[in-house]
Amino acid sequence: MAAAFFRKLTKRFFIILNILLSMVFLASCLAPYVNPADWWLVGFLGLAMPYLIILHIFTIIFWLAVKPVWALVSLVSLGIGYRQIQVLFAWHIKSTFTEQKSSATIRIVDWNVGNMYGISKSKEQRKHNRTEIADAVLNVHPDIICLQEFNHSEKQGPQADNISLFSKTHPYYYFSKDYDKEDGFYQYGSIIFSRYPLLNTGKVKFEGAGIESLIYADVVKGADTIRVYTTHLQSFKFTEGDYKDMEKIKQQDNEMLAASESIVKKMRLAFARRGLQADMVRKALAVSPYASVMCGDFNDVPGSYAYFHIRSLRQDAFLAKGFGIGRTFIAVAPTLRIDYVLPDKNFAIEQFDMVDEDLSDHLMLVTDLKLKK
């Protein structure tokens, strides 16, 4: 009698747990459609998507062994969220990236270079990382280079002249200069370098001091002109102290509550700002007079409003040629693909690679595109 009652209670517990899990998963499926500027909680749910999928898979396995009919709850939930699932994983077995390319192909590098300092804590080493970062980019022989968190100085001499590291081989460039201290002493923002002439350039400035803008350059290659966009959407702006707070949360430290409140506050603000920025990017992309490529650090995952809203009907180079989850940011969690190359349908994606040079907390993205005739 007691055993039967316990089994019944246990079964009900797992059924309720399964239903709650599915409800949270379905709420996270709203992330692409609900602007976090209006409902910031959806941003957190979008981050949880990979883990919710894994839990659903375990739930399905459990119910298939215990009571198969209840597996339908998770199966139906995953079916409803198929759009978010299909952008999380790429299924193309990785092939060797070929250095050689045809003259009709355009090679684009996209990389958040972390202020050109690298990830070393040594001040002496950081002096050299700027040249190592430039060498890493130039060694893949790109035609167009899009860099975020780029800095440069017009007044501190050759040791801070970062534009010259690229301009010898890529003489055409457009620098957003979103932060300019003392009229050129220290400049910061996103930049586009090109081997080919630039017909036109422009900037869409986001609100906030020192926030990197959306920039574009119209690149002329032979008889063709393409527009290349790059941007760096609002980050969480986590400091070293915030990462220590995350460790407190993991270890259930006594200061866990205070640490959580600080981190959640920063994340809430960033989700809301990215929602507004994504709207501005979408609007700018819609008026491009040329075939275009959108790339940059979105600071948000594929299941997010920012990704879906900006990508729209564009291709995703990683999904077209990559394999796995495609982590591009090496801190915090193993599921963070937040950097993207999104060409429109006028391009054929020939190759794609993600390169970890251990010089930034982001991986470098390399993509070969061919304009369809």
Check: Any luck finding a side-chain donor-acceptor pair between T225 and D218 under 3.5 Å?
Finding: no

Note to self: Test of understanding: with side-chain contact (heavy atoms from CB on, under 4.5 Å), list the residues that count as partners of A27, not counting sequence neighbours.
What the structure shows: L45

Margin query: Looking at D297, is its backbone amide N or carbonyl O close enough to the side chain of N112 to form a donor-acceptor pair, meaning the two atoms are under 3.5 Å apart?
Written below: no

Next item on the list: Give the minimum heavy-atom separation between P343 and A317, together with the two atoms involved.
Entry: CD-N, 4.4 Å

Notebook entry, point to check: Can you tell me if S190 and Q148 form a side-chain donor-acceptor pair at under 3.5 Å?
Noted result: no

Check: Would you say the side-chain atoms of S213 pair up with the backbone N or O of I215, donor to acceptor, closer than 3.5 Å?
Finding: no

Notebook entry, point to check: What pairs with N346 under side chain to side chain donor-acceptor pair (under 3.5 Å), at least two apart in sequence or on another chain?
Noted result: D344

Check: Considering only heavy atoms from C-beta outward, does the side chain of F166 approach that of L138 to under 4.5 Å?
Finding: yes

Checklist line | Any side-chain heavy-atom pair of I192 and C146 under 4.5 Å | finding: yes

Check: Would you call the rings of H152 and F175 parallel, tilted or perpendicular, where under 30° means parallel and over 60° means perpendicular?
Finding: perpendicular

Note to self: Does F352 form a ring pair (Phe, Tyr, Trp, His ring centres under 6.0 Å) with F97? I'd like the steps, not just the answer.
What the structure shows: CA-CA 7 Å; F352 175 82; F97 190 91; 8.5 Å; no

Margin query: Salt bridge check, R107 against D353: does any charged N sit closer than 4.0 Å to a carboxylate O?
Written below: no

Note to self: Less than 4.5 Å apart, side chain to side chain, heavy atoms only: is that true for I325 and F89?
What the structure shows: yes

Item checked: Residues that V204 engages under side-chain contact (heavy atoms from CB on, under 4.5 Å), provided they are two or more places apart -> L214, M280, A284

Item checked: Within-4.5 Å side-chain heavy-atom neighbours: N129 and M116 -> no

Note to self: Less than 6.0 angstrom separating the ring centers of Y305 and H309, yes or no?
What the structure shows: yes

Check: Under 4.5 Å between any side-chain heavy atoms of K181 and Q187, yes or no?
Finding: no

Notebook entry, point to check: Just checking, any donor-acceptor pair under 3.5 angstrom between side chains of N35 and D279?
Noted result: yes

Item checked: Partner residues of L198 under the side-chain contact (heavy atoms from CB on, under 4.5 Å) criterion, sequence neighbours left out -> Y172, S194, T201, A217, V219

Next item on the list: Please examine the side chains of L336 and T328, heavy atoms only from C-beta on, and report whether any two atoms are closer than 4.5 Å.
Entry: no

Item checked: Heavy-atom check, side chain of I106 versus side chain of K221, under 4.5 Å -> yes

Note to self: Please verify the inter-ring angle class for F14 with F62; under 30° counts as parallel, over 60° as perpendicular, anything in between as tilted.
What the structure shows: tilted

Notebook entry, point to check: By the rule that ILVMFWY residues connect when side-chain heavy atoms come within less than 4.5 angstrom, directly or transitively, which residues belong alongside L313?
Noted result: none

Margin query: How close do K370 and S102 get, counting heavy atoms only, and between which atoms?
Written below: CE-OG, 4.1 Å

Checklist line | Y340 and C295, any side-chain heavy atoms less than 4.5 Å apart | finding: no

Checklist line | Exam field: side chain R314 to backbone L342, donor-acceptor pair closer than 3.5 Å | finding: yes

Item checked: Cationic N near anionic O, under 4.0 Å, E212 to K203 -> no

Note to self: Cation-pi check for Y290 against R227: NZ or CZ below 6.0 Å from the six-membered ring centre and within 45 degrees of the axis, yes or no?
What the structure shows: no

Checklist line | Side chain D180, main chain G184, donor-acceptor under 3.5 Å | finding: yes

Check: Can you name the residues that form a side chain to side chain donor-acceptor pair (under 3.5 Å) with S167, not counting sequence neighbours?
Finding: none

Check: For A320, what residues pass the side-chain contact (heavy atoms from CB on, under 4.5 Å) criterion, not counting sequence neighbours?
Finding: I349

Next item on the list: If a pair satisfies side-chain hydrogen bond (donor to acceptor under 3.5 Å, both in side chains) and one of its residues is in residues 62-82, list it, with sequence neighbours excluded.
Entry: N18-S74, S22-S77, H56-S74

Notebook entry, point to check: Looking at F271 versus F44, is the centre-to-centre ring distance below 6.0 Å?
Noted result: yes

Next item on the list: Examine distances only and state if a side-chain atom of R130 and a backbone atom of Q159 form a donor-acceptor pair shorter than 3.5 Å.
Entry: yes

Notebook entry, point to check: So which residues get pulled into Y33's cluster when ILVMFWY side chains under 4.5 Å apart are joined, directly or through others?
Noted result: none

Check: Are D368 and Q351 close enough that a side-chain donor and a side-chain acceptor fall under 3.5 Å?
Finding: yes

Notebook entry, point to check: Do F298 and Y307 make the cut of ring centroids closer than 6.0 angstrom?
Noted result: no

Checklist line | Expected output: side-chain Q234 to main-chain I211 donor-acceptor under 3.5 Å | finding: no

Margin query: Could you check whether any side-chain N or O of K155 sits under 3.5 Å from a backbone N or O of D183, counting only pairs where one atom can act as donor and the other as acceptor?
Written below: yes

Notebook entry, point to check: Can you list the residues that meet the side chain to side chain donor-acceptor pair (under 3.5 Å) rule with H92, with sequence neighbours excluded?
Noted result: none

Next item on the list: Could you list the residues that satisfy side chain to side chain donor-acceptor pair (under 3.5 Å) with S103, not counting sequence neighbours?
Entry: none

Next item on the list: Taking all heavy atoms of V42 and all of A31, pick out the closest pair and write down the distance.
Entry: CG2-CA, 3.3 Å

Checklist line | Whether S292 side chain and V228 backbone form a donor-acceptor pair below 3.5 Å | finding: no

Next item on the list: Sort and list the pairs that fulfil salt bridge (charged side-chain N to carboxylate O under 4.0 Å, His left out) and have at least one residue in residues 141-150, not counting sequence neighbours.
Entry: K101-D143, D143-R195

Margin query: Can a donor-acceptor pair be found, under 3.5 Å and without considering hydrogens, that links the side chain of S164 to the backbone of D161?
Written below: yes

